[in-house]
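Below is one structure, written out as structure tokens; the observations come after it.
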Amino acid sequence: MKTKIIALAAATLALGSSAFADVTVNITGATAFRVATLDSIKGRFQASGAPWAMAFAGSGSFNANNQVIFQGTFPDVPGVTTIRTSFNGSVEGIKALVDSPASDPDYLQVSAVSGITKVAGGNNAGNGQSGLIAGAEKAASDIAFSDVGIAATPFAGTTLQPSAPEAGVVVFSMVANDGAPASLTNLNTQNFRALMSQGRQRLSFITGNAADTQFVYATGRNDGSGTRTTYLAESGFGIANIVSQYVVGSSSGDNITAIYRVPALGTNAQIAALSLAQSAANASTIWNTNQVGNGGYSSSSSLRNDMGRKSDTTMVYSATGTIQQSNAGISMVTFMSAGDAGPAKIAGAKVLAYNGVLLNGLANAGAMDTADEDKVENGAYTAWSYQQMYRAADITTGDKVTVYDAIKNNLVLGTTGIPTANMNVGRQVDGGVVLP
Amino acid sequence: MNLNKVIALVTVALVLVITFTVLLPDVESPHGGFSAEDSGKIDERIGIKGTNPTVSEVQHSQSRKIDVKPAGPFHDSSSASEYELDSRTGRPDYREAKALPEAIVDKPGSTTETSLDQQIGYNDSAPRGREGIAVVAPTTGSVAQYVIPPGERAPVVFLPEDRPLTPPMQAFLDNVREEFDATIAAADDPAEVWNQARQRADDRYRLLLGDDAYNRKTMQDAIEALKASGNFPGEQP
């Protein structure tokens, strides 16, 4: 009898441990829905009515950070749930799901949040208090957001969950940097492809006015970015083709003082000799096309910030440091999500029409309005993609699926995205024909 | 300008007008490429298209010869009529899988390749032709051979590539071929799903390498078709 009691107790203990096993969910990928995602996660913890806390490494609002960690009681999930985010780009996110541990991103260590006193409801954040933030650690990812489908990546043959991962629609816009000439109001796909293939064009090529002799330079992201994949798909350029992009090397206050064509590998000694900022992370490595000009910004926030600066007297260098223009008035043009274009516009950037269609709300106030959404939802404006929310292939049931569903069903899109259900048009592949 | 020159110029102009208004009307799709319907129009012009084919017509469709390159030792020269009817559906069995010899497994495009130059001409190692296309499945090492239904055409991903491709690009295109393969193989009647599968394969090719590459390949394919038919201006088959 004694043996039976011990066995029963052990079984009960095991059952109890199983029923209340803690779970950690790691989320990576695109930044386009970062705010929507972080707000959704926070909202779920608040809705649980149980104690919770969060922490993040940076400053400002928690949802302005890529690395955030939450811990507490999550609705319908037993035990303690820890959710970590490390937003790093669409294609990089998919790569993290299919190529672990080699491509594991950095997540904040759990100790970053475990030391914070948890309370129910409210905004319980560590708010970046340095004493509360532990270091980062490589970890396998469970969920990845992407501006493009896996079919538009080198990992197209890999299966991820679920079969219908669309979580909304990401809207993009052509953007010129602060101080762009009044005549620069629109880019069509031909303009954009010419810019991307050659790196720069005379403004007259875009405006049709021969007097517009200043150069417009192409800038943008590296090939780990879903934004880049989208602009090369949408324009018909081809997502794996080589582009010619420039990045800002130095700025002073609100002025860009130097730009240069991105070197292969993102960096080289000649650019370093000019004391220009450079980064190996700017290299494009996803398609094995690490060539001069083909790199770009690894971070949307850096590009967004630079687009908010003027370029009236700017040095322009080749990838090997040769002067292409000296103290010239130039413009820079790129393509970014509405979530990035809005803050860029507030900082001074100019939202351009795409193929003659302008998102007026975004252009005037930095946020899409109802009329802008109507243009997207009904097919007049085609610079958009589905935001995909993938799970790793082996996550098909259990608490991680519960967390996935809860976040996806409660995304706080605001003006940065459109619910898929609102769309009256669709497309079969990224950049494909938009049809009712 | 003498009279002979005037006559010569008028003749050239007439040839051009006939070529582009009679031989090739409405062949450009809204997206700059050729749709299946367009391809069918070309085929009708060159006299190789059957309309609304029956099973029998599909089974015995005329051989379509374009760009029949040296197929190597694995070329399947079976004509359409050699495909047997599927006992379950009564329709022609389009798919013929066979073991892939080691020589093809090791061709550029497999995961073992590293050289850009070696990537060139990957498709040239696979048997193909207007009468059929071969789908090489790198992961399973099998070749599937299909008959192109009348009025349809092969996805451009099966046409020769004229540029170096990196291993990730090759892997992407391999996946496009495999997806097409899986769609056709799973269909009771490949002719019914061919156009949709071809459209998706072409969309994904265009996604990867752009409209220009897609247009270049479809134009080249159409030119080869015209040349093979003897209707290409100034050339004999």
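Per chain, numbering begins at 1; letters A, B, ... match sequence-line order. Atoms considered below: every heavy atom in the structure, side chains included; atoms not considered: hydrogens, waters and symmetry mates. None of these values were measured; they are calculated from a predicted model.
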Does the side chain of Met169(B) reach to within under 4.5 Å of the side chain of Asn288(A), using non-hydrogen atoms? no
What part of Thr229(A) gets closer than 4.5 Å to chain B, counting heavy atoms only: side chain, backbone, both or neither? neither
Partner of Leu207(B) under side chain to side chain contact (heavy atoms under 4.5 Å, CB included), chosen from Val148(A), Leu232(A), Asp430(A): Asp430(A)
Hey, are the side chains of Leu208(B) and Trp287(A) touching, using non-hydrogen atoms and a 4.5 Å cut-off? yes
Within this structure, what is the CD1-CG distance for the pair Ile150(A) and Asn175(B), rounded to the nearest 0.5 Å? 9.0 Å
When rounded to the nearest 0.5 angstrom, what distance separates CD in Gln428(A) from CZ in Arg204(B)? 12.5 Å
To the nearest 0.5 Å, what is the distance between CG (Asp211(B)) and CG (Asn241(A))? 10.0 Å
